[in-house]
Amino acid sequence: MQNQQVLIDSLPDGKLSASNYRIVDTPAPEPGDGQVLVQTMAVAITAGTRAGLQGSASYAGAPQAGRVMNASGVGEVLASNASGFKVGDRVTAPTGWQQLSVHNVEQLELIDPGHDPLHYLGPLGINGLTAYFGLLEVGQPKADETVMISAAAGSVGHMVGQIAKLQKTKVVGVCSSLAKGEVLMSNLGFDAVVNYRDANFRADLKQATPEGVDVYFDNTGGMILGSALFRLNVGGRIACCGVVSQYDTAQPEPGPRGIPGLLVNKRITMRGFLVFDFAEHYARARKQIHGWLNSGEMTSLTDQIAGLEQAPEAFVDLLAGGNVGTRVITLDR
Ligand SMILES: NC(=O)c1ccc[n+]([C@@H]2O[C@H](COP(=O)([O-])OP(=O)(O)OC[C@H]3O[C@@H](n4cnc5c(N)ncnc54)[C@H](OP(=O)(O)O)[C@@H]3O)[C@@H](O)[C@H]2O)c1
C-alpha cells in the first residue's frame, strides 16, 4: 500500500505558490506499540498554517522544507496497537496533507458516531473553538452591542458572527466581495457587511456602525484593524485572533497608527489569544456548539474540494479569498 503525501518543497519567498509543494508516494507507515494507523478522510485548509510557513506562529516552531504539510484532519482507524481505538473508529488527528499517518493516542480524539466528521474540521474543531472562546471569553459581547468581524466570510469569521447573533448583538462583517456579504446577511443573519476592497471602505464602515463598535474580532490586522480602531467605543474590546493580511508575504507591514494613543483615550482593551489557552474547556464549548448546530441556530458553511493533489492550489486560493466558510479537502479512500 502506498501513501500519497504533499511535502513542503521550498519555503515561500514572498507569496505562497503551489510550486512550493511536491507530491510523492511513499510506502505505508507501520504503527508501533501503542500507536494507531489512520487513513485520512479530509483535512482543513486554514489561514494560520501560512503563519507557520512564515515563521510567525510561535506554537508551530521553525518552518522547514522537506516535511509533510501540517494540517488538522479527520480519518478512520486502519490498524490499532493502542487500547481505546479499534479498526473503523473515526478520529481527529494532526494528519497533515497525506493519506496515511501514524499517531500516539494523545494526538487522537474519537469522533462520536452520531456526528458529521467534517464538523470536527469546522464548528467542533479548532476554528469553531477559536470563534467561541475568542468572542465569548476575550471579546465578551453584551446584548445590543455592535460586534465587528474581519475575514467574516472565512471559517472562523462566519462562526464568530453567528455566535455574536446568539448573544443578541448587532453584527457587522468585513470581507472582500458583495457576493460573500450576501451569504452572510441572507443565510447567517449578519446585520451588515462592508467590502474592504472598495475605495469607500472607511465611509461604508462608518455608515454600517452608526453606534460605533464595542467588540472587534480581528482576523486580519493591517488596514482593517487600523480602521476598526477609529470606530471603537469607549471601553471597547479587540480580540486579536490572527493577522491574515500579513501572512502571505516576506515583509509584513508594521502595526496601525494610533496605538497606544487611541487605546488610552478610549480605554480600549486589545488582547491576543491562542485557542489552546482554553483547552480545558473544549468539551463544554463543543456541547454548546453541537446544540446550536442541532437546533439550526448555527449553520456550518463547508467549502469542499475533492482530491489531496488539489491542496496546494486550494491553499493559495484561500489566501486570495477564494473560500466561503471552512475549506476542506476530501480524500478518495
Ligand atoms: N488565535 C488562534 O488560536 C487562532 C486559531 C485559528 C485561526 N486563527 C486565525 O483566524 C484567522 C482566520 O483563519 P481561517 O482558518 O478561518 O481562515 P479563513 O478566514 O477561512 O480564510 C482566510 C480569509 O482571509 C481573508 N483575507 C486574505 N487576505 C486578506 C487581506 N489581505 N485582508 C483581509 N482579509 C484577507 C480572505 O477573505 P476575504 O475574501 O474576505 O478577503 C480569506 O477567505 C486567521 O488570522 C488565523 O490565523 C487564530
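Atoms within each ligand, like the ligands themselves, are counted from 1 in listed order.
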- Message: For Tyr59 together with Phe276, are the ring centres under 6.0 Å from each other?
- Response: yes
- Distance-minimising heavy-atom pair for Ile268 and Asn233: CG1-O, 4.1 Å
- Item | Rounded distance (nearest 0.5 Å) linking atom OG1 of Thr326 with atom CG of Asp303 | 8.5 Å
- Message: Counting neighbours of CG on Asp112 that are heavy atoms of other residues, nucleotides or ligands and sit closer than 6.0 Å, is the number greater than 12?
- Response: yes
- Message: Nearest 0.5 angstrom please: Tyr132 OH to His281 NE2, how far?
- Response: 10.0 Å
- Message: Set out, in order, the CA-CA distance, both residues' side-chain angles and the distance that settles salt bridge (charged side-chain N to carboxylate O under 4.0 Å, His left out) for Asp191 and Lys170, then state yes or no.
- Response: CA-CA 6 Å; Asp191 296 286; Lys170 180 180 173 192; over 6 Å; no
- Task: Could you pull out every protein residue that has a heavy atom closer than 4.0 Å to ligand 1, ordered by chain and then number?
- Result: Thr46, Ala47, Gly48, Asn127, Thr130, Ala151, Gly154, Ser155, Val156, Cys175, Ser176, Lys180, Tyr196, Asn219, Thr220, Ile224, Cys241, Gly242, Val243, Val244, Ser245, Tyr247, Phe273, Leu274, Val275, Leu318, Leu319, Gly321, Asn323, Gly325
